Protein chains: 2
Amino acid sequence: MSEPGSSDAYGETRPFRVRSSTAEWAAAILRQRVTQGGLLPGSRLVEEELTAELEVSRNTLREAFRLLGHERLLEHKLNRGVYVRVLSPADVADIYQARRMIEGAAVRRPDKDPISLTALRDAVSDAERAAAEGRWLDVGTADLRYHQIIASLNGSRRLNAMMAQLLAELRLVFHAMDPRTLHAPFLPRNRELLALLESGRNPEAEVLLATYLDEAERLLLAACTQARTY
Amino acid sequence: MSEPGSSDAYGETRPFRVRSSTAEWAAAILRQRVTQGGLLPGSRLVEEELTAELEVSRNTLREAFRLLGHERLLEHKLNRGVYVRVLSPADVADIYQARRMIEGAAVRRPDKDPISLTALRDAVSDAERAAAEGRWLDVGTADLRYHQIIASLNGSRRLNAMMAQLLAELRLVFHAMDPRTLHAPFLPRNRELLALLESGRNPEAEVLLATYLDEAERLLLAACTQARTY
DNA sequence: CTTATCAAATTGTTCAACAATCCTTACATT
DNA sequence: AATGTAAGGATTGTTGAACAATTTGATAAG
């Protein structure tokens, strides 16, 4: 410790010249663990353990906690510690209402950026390739990217940020489900929706997207309520 | 200092038993100064000054900064300090795009909560009363409350929070305008929109709201671009 | 079995010190 | 005069230690 720039002997864990703050660096590591399932919802993050492991001070770690708390990935209970957030069914429903609004508005728009359409094609192809090879986690990643691009059709930086946060939160529930049964049903629909967007049939696209999101919500709600009965 | 619970001799600035964290208390004070115009956009917040005035430690103050930074009221530049955010025209446009989406979706909904409609009536009445008495700042407060209630028709906690943040950011621009010329044009429209909502004429309400928001955006964009030419 | 009390563990907050970075001023060069 | 460079002073970034406040779990009393 006291040597930011080289963790353990050339461990290469921290870039030499830290351009962002140390707190953001620590937050990035914890964010990755949460979104990739290394830290499961409900897990407690003990300050002493993490200061030792990440080799940052308690104050810096707390700043990292606060960062992730505002991203709603961690939950901070006063005097009781920090936990990986556990999504309630109400949370999932709330997330999907916001998704319906953001993605719905994006699909409804008349003008579609050709670059975004290309990006959508790529995302669909990546997902299908990953599915063919059985890499279902990668399918999930491509699917999230697909919907992030959909949201970006709104052309609003703020809505992009909100969408990114929504999807990050959704990952918290993803780990409570088998990735194949979660993503397989939506693979063909992504391509179908893309076709409707390319041909400018917006009303049909909007309907398809709505049913899509409703079904995904139902799937996750089921997984979510099951997981909470322990 | 080191006596949280009683600032200067019975200054009554801090509640006796602090239930929330000290950082949130400090953030609340700074938030008030920013939203009420005591701290104007672009102002720099120096750590040393504020730790002395608020009688909190530097670390706690920094946590307060981070809180307000995530609310987008303050801007944190690495190694350069914390500033009250200055909204660019692009920021204002982005805010209004989000408003059109959230409030538009709310108005479009078929089911209207009667309690919310009552709250809307109250907000309109308060605004009109304040206008009659020349209290234009209170008119602004009532107007913001009105739109917050509109957004709440969506019934989503998350969208409520997002709307609250949008409106808080908008206050940053409000202080660059005369409150009367800003709010007076919208007083009759608020009542008109309310009438359309009460009688369930949603499509007309949606159109009215859209023109409403477009004009408000134009007004603020003008004020915003003017203010930046100094 | 319930309630009360106490002790250990953990978090909340502060402080002082030092490192890293930015900004200004002064100086030198062209 | 304009440009580039080099201290230095000021401010922020980070740390570690200390103590206060709170929760938690265990133990003892009713």
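Chain letters run A, B, ... following the sequence lines, proteins first, then strands; residues in each count from 1. We use all heavy atoms of the structure for the numbers below, so side chains are in, but hydrogens, waters and symmetry mates are not. Since this is a predicted model, take the numbers as computed values, not measurements.
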For DNA chain D, whose closest nucleotide is more 5', that of A:Tyr83 or that of A:Asn59? A:Asn59
Nucleotide N/O of nucleotides 6-9 of chain D paired with protein N/O under 3.5 Å:
none

Under 4.0 Å: is that the gap between some side-chain N or O of A:Thr60 and OP1 or OP2 of D:dT15? yes
What is the distance, to the nearest angstrom, from the CG atom on A:Leu54 to the P atom on D:dT15? 10 Å
Sequence neighbours excluded, which residues qualify as ring-ring contact (aromatic ring centres under 6.0 Å, His included) partners of A:Phe186? A:Tyr212
Go through the structure and list residues passing side chain to side chain donor-acceptor pair (under 3.5 Å) with A:Arg31, not counting sequence neighbours. A:Glu71
Test side chain to side chain contact (heavy atoms under 4.5 Å, CB included) applied to B:Gln165 - qualifying residues, sequence neighbours left out: A:Arg158, B:Arg72, B:Glu169
Under the side chain to side chain donor-acceptor pair (under 3.5 Å) rule, collect the residues that match up with B:Arg129, sequence neighbours excluded. B:Asp126
How would you list, by chain and number, every residue that makes a side chain to side chain donor-acceptor pair (under 3.5 Å) with A:Asp138, sequence neighbours excluded? A:Arg135
Can you tell me the distance, in whole Å, between the CD atom of A:Glu55 and the C1' atom of D:dT15? 13 Å
Under 4.0 Å: is that the gap between some side-chain N or O of A:Ser21 and OP1 or OP2 of D:dG13? no
Within residues 32-46 of chain A or reaching into it, pairs that qualify as side chain to side chain donor-acceptor pair (under 3.5 Å) - sequence neighbours excluded: A:Arg33-A:Glu53
To the nearest angstrom, the CD-C1' distance between A:Glu24 and D:dT14 comes to 14 Å
Would you say D:dG16 has OP1 or OP2 under 4.0 Å from some side-chain N or O of A:Ser57? no
Return a single string for nucleotides 4-11 of chain C, one symbol per nucleotide in 5' to 3' order, where B is base contact, S is sugar-phosphate-only contact and - is none, cutoff 4.0 angstrom on heavy atoms. ------SB
Show your working on salt bridge (Lys or Arg N to Asp or Glu O under 4.0 Å) between A:Arg99 and A:Glu217 and close with a plain yes or no. CA-CA 10 Å; A:Arg99 282 191 68 174; A:Glu217 178 182 6; over 6 Å; no
Tell me which pairs pass side chain to side chain donor-acceptor pair (under 3.5 Å) where either residue lies in residues 170-182 of chain A, with sequence neighbours left out. none
